[in-house]
Amino acid sequence: MKQADLIWMNGELVAWEDAKVHVLTHALHYGTGVFEGIRAYETPRGTAIFRHADHVERLFKSAGMYLMDIPYSREEIRAATHETIIRNGLRSCYIRPLVFRGAGPMGLFPLDCPVDVTIAVWEWGAYLGDEGKQRGVRGKVSSFRRISSAAVIPAAKATGQYVNSVLAKIEVDKAGYEEAILLDDRGMVCEGSGENLFIVRDGVISTPGFAADILGGINRASAITIARDLGYEVVERDIARGELYLADEIFMTGTAAELTPLREVDDRPVGSGEPGEVTRSVQRAFEDALHGRSDRYAEWLDVVEVPARTA
Ligand code: PPE
């Protein structure tokens, strides 16, 4: 992670060091925030934000599910994001919009607290490593189950809900693995700590559906579209833990992780122990889409227009 110069905070760009909040910020105590993870890439058409409108839409949906009114329009958030990238002089970056209940009355009832909005951008390399993207990472099923819709709203990208992913991530990291796989409360495969999961068996791609309490990943949707366009059958269905051990290939998708293969699960090699053919071909087409090398998916890119120099 590389620090940038400016962060957008409630309508203004402030210095990175000055983007601060009060300790009685409601979201710090109760996790009452929603956020996004977005990436912008350098493409032949200039810097472009991947599926920006879909991310902004999910941010508003997440906020709505927690009854938070965002005091800006979708277009204002989009424009603010463009401005933040341009003013930081970045050609590619990770983008983190955050909408949270700010400092106001303490106590659980949040609706009288202000809704604050920040947008930070920074340069961020491959989350599970470049080598992980190439060779695959080692995953482990966590003993912590994924949060269920009996308790919270797994479809919302809410900050407080992430203590679940954090516990799973710490557990598998301490055990010597790179990524956690969480089962849902029924014991079916759900997703990674910050990625959706796909298995490939006999050429068919399967991924858990919304009934498994997944977060509806935007890269999950992209991978499904791309795989189908490549002619693969993609099925959304429940996946039993044992199927992880039978899979020929497994890969995960997420904004931070992009498309990362798993080469091992619970100390068992996945397939040959190297990323397989299906994973490779979906990954190649996915990378082409992210980096603007694909005409077919050109409409997924929101190009950041850098103003012409006047001086
Ligand atoms: N599940 C979870 C729990 C999750 O956090 C993410 C994104 C996904 C699935 C995939 O969603 P999408 O990015 O729309 O394809 N995780 C974000 C946060 C990661 C972090 O470490 O912070 C991300 O990838 O930006």
Side-chain angles (χ1 to χ4, degrees), residues 1 31 33-41 49-62 65 81 92-100 118-129 132-133 137 139 142 144-149 152-170 172-173 178-185 189-198 207-210 212-227 236 250-260 262 282-283 286-287 289-290 297 300 302:
M1 170 175 189
V34 297
F35 69 106
E36 270 306 315
I38 314 173
R39 277 189 191 269
Y41 294 89
I49 306 172
F50 188 67
R51 302 198 70 166
H52 196 192
D54 297 303
H55 281 284
V56 172
E57 189 54 39
R58 188 171 65 186
L59 183 70
F60 277 76
K61 285 233 164 64
S62 296
M65 287 190 260
T81 303
S92 65
C93 59
Y94 185 82
I95 305 162
R96 170 58 57 83
L98 174 66
V99 174
F100 60 100
T118 62
I119 304 168
V121 299
W122 63 85
E123 284 179 58
W124 215 15
Y127 187 62
L128 298 172
K133 269 170 63 179
V137 297
S142 168
F144 290 101
R145 296 269 171 103
R146 164 87 172 153
I147 45 169
S148 109
S149 31
V152 283
I153 313 172
K157 202 168 166 62
T159 58
Q161 299 183 169
Y162 272 80
V163 291
N164 177 233
S165 287
V166 165
L167 287 172
K169 187 81 180 183
I170 292 173
V172 304
D173 179 273
E178 287 154 288
E179 191 48 294
I181 298 167
L182 286 83
L183 307 179
D184 69 15
D185 68 338
V189 173
C190 183
E191 59 185 19
S193 70
E195 305 85 16
N196 293 109
L197 182 141
F198 295 75
T207 191
F210 279 86
D213 286 334
I214 60 166
L215 176 75
I218 287 160
N219 299 282
R220 172 185 182 274
S222 306
I224 291 173
T225 300
I226 288 169
E236 293 180 62
I250 305 178
F251 62 88
M252 305 204 287
T253 60
T255 298
E258 297 169 327
L259 194 155
T260 300
L262 279 188
V282 177
Q283 187 183 42
F286 178 70
E287 289 280 335
L290 295 180
Y297 307 114
W300 282 345
D302 177 24

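Because only heavy atoms are used, hydrogens play no part in the values below, and waters and symmetry mates are left out as well, while side chains stay in. Order of listing sets the numbers, starting from 1, for every ligand and every atom in it. Just so it is clear, the model here is predicted, and its values are computed rather than measured.
Taking only non-hydrogen atoms, the option from Glu195, Arg146, Lys157 nearest to atom 16 (N) of ligand 1 is Lys157. Of the listed residues (Gly217, Gly216, Gly194, Pro154), the one carrying the non-hydrogen atom nearest atom 6 (C) of ligand 1 is Gly194.
A side chain to side chain contact (heavy atoms under 4.5 Å, CB included) with Trp300 is found for exactly one of Leu290, Thr225, Ile49, namely Thr225.
For ligand 1, the polar-atom distance check against Thr253 finds no nitrogen or oxygen pair separated by under 3.5 Å. Between Trp124 and ligand 1, not a single N/O pair is under 3.5 Å apart. Geometrically, ligand 1 and Ala257 share no nitrogen or oxygen pair separated by less than 3.5 Å. Of the N or O atoms in Leu215, none lie within a sub-3.5 Å distance of an N or O in ligand 1. For a threshold of 3.5 Å applied to N or O pairs, the pair formed by Arg58 and ligand 1 contains at least one separation below that value. Residue Ile38 has no nitrogen or oxygen atom sitting less than 3.5 Å from a nitrogen or oxygen atom of ligand 1, judged on distance alone.
The pair Lys133-Glu287 meets the salt-bridge criterion, with a side-chain N (NZ, NE, NH1 or NH2) lying under 4.0 Å from an Asp/Glu carboxylate O.
What you find for Ile214 and Arg146 is that their closest heavy atoms are C-NH2, 3.8 Å.
Contact atoms of ligand 1 toward Thr255: 12 (P), 13 (O), 15 (O), 23 (C), 24 (O), 25 (O) (distance under 4.0 Å to a heavy atom of the residue). Per-residue contacts place Tyr162 under 4.0 angstrom from the following atoms of ligand 1 (heavy atoms of the residue considered): 2 (C), 3 (C), 4 (C), 5 (O). Atoms of ligand 1 found under 4.0 Å from any heavy atom of Ser193, numbered from 1 in the order shown, are 3 (C).
When hydrogens are left out, the protein atom nearest atom 21 (O) of ligand 1 is Tyr127 OH, 2.6 Å; that is the closest non-hydrogen contact. In this structure, atom 15 (O) of ligand 1 lies nearest to the protein heavy atom Asn219 ND2, 2.7 Å. Closest protein heavy atom to atom 3 (C) of ligand 1: Glu191 OE2, 3.2 Å. Here the heavy atom of the protein found nearest to atom 24 (O) of ligand 1 is Ala256 N, 2.8 Å. For atom 22 (O) of ligand 1, the closest heavy atom belonging to the protein is Arg96 NH2, 3.0 Å. Tyr94 OH, 3.5 Å is the protein heavy atom nearest to atom 23 (C) of ligand 1. In terms of protein heavy-atom proximity, atom 10 (C) of ligand 1 is nearest to Asn196 OD1, 3.6 Å.
Counting heavy atoms from C-beta outward, Leu262 and Val137 have side chains that approach closer than 4.5 Å. Leu182 has its side chain within reach of Asn164: a pair of non-hydrogen atoms, C-beta onward, lies under 4.5 Å apart. Between Pro97 and Ile38, some side-chain heavy-atom pair lies under the 4.5 Å cut-off. When side chains are defined from C-beta on, Met65 does not count as touching Val34, because their heavy atoms never get closer than 4.5 Å.
Checking side-chain atoms of Arg58 against main-chain N and O of Gly216 turns up a donor-acceptor pair under 3.5 Å. For the pair Gln161 (side chain) and Ile153 (backbone), a donor-acceptor distance under 3.5 Å is present. Asn196 places no side-chain N or O within donor-acceptor distance of the main-chain N or O of Arg220, the cut-off being under 3.5 Å.
At a heavy-atom cutoff of 4.0 Å, ligand 1 is contacted by no atom of Arg39, backbone or side chain.
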Given the rule in the ring-ring contact (aromatic ring centres under 6.0 Å, His included) test, do Tyr162 and Phe35 qualify, once you have shown the distances and angles that lead to the verdict? CA-CA 11 Å; Tyr162 272 80; Phe35 69 106; 4.9 Å; yes
Working note: Thr255 + Asn219, criterion side-chain hydrogen bond (donor to acceptor under 3.5 Å, both in side chains); need CA distance, chi angles, decisive distance, verdict. CA-CA 7 Å; Thr255 298; Asn219 299 282; 3.0 Å; yes
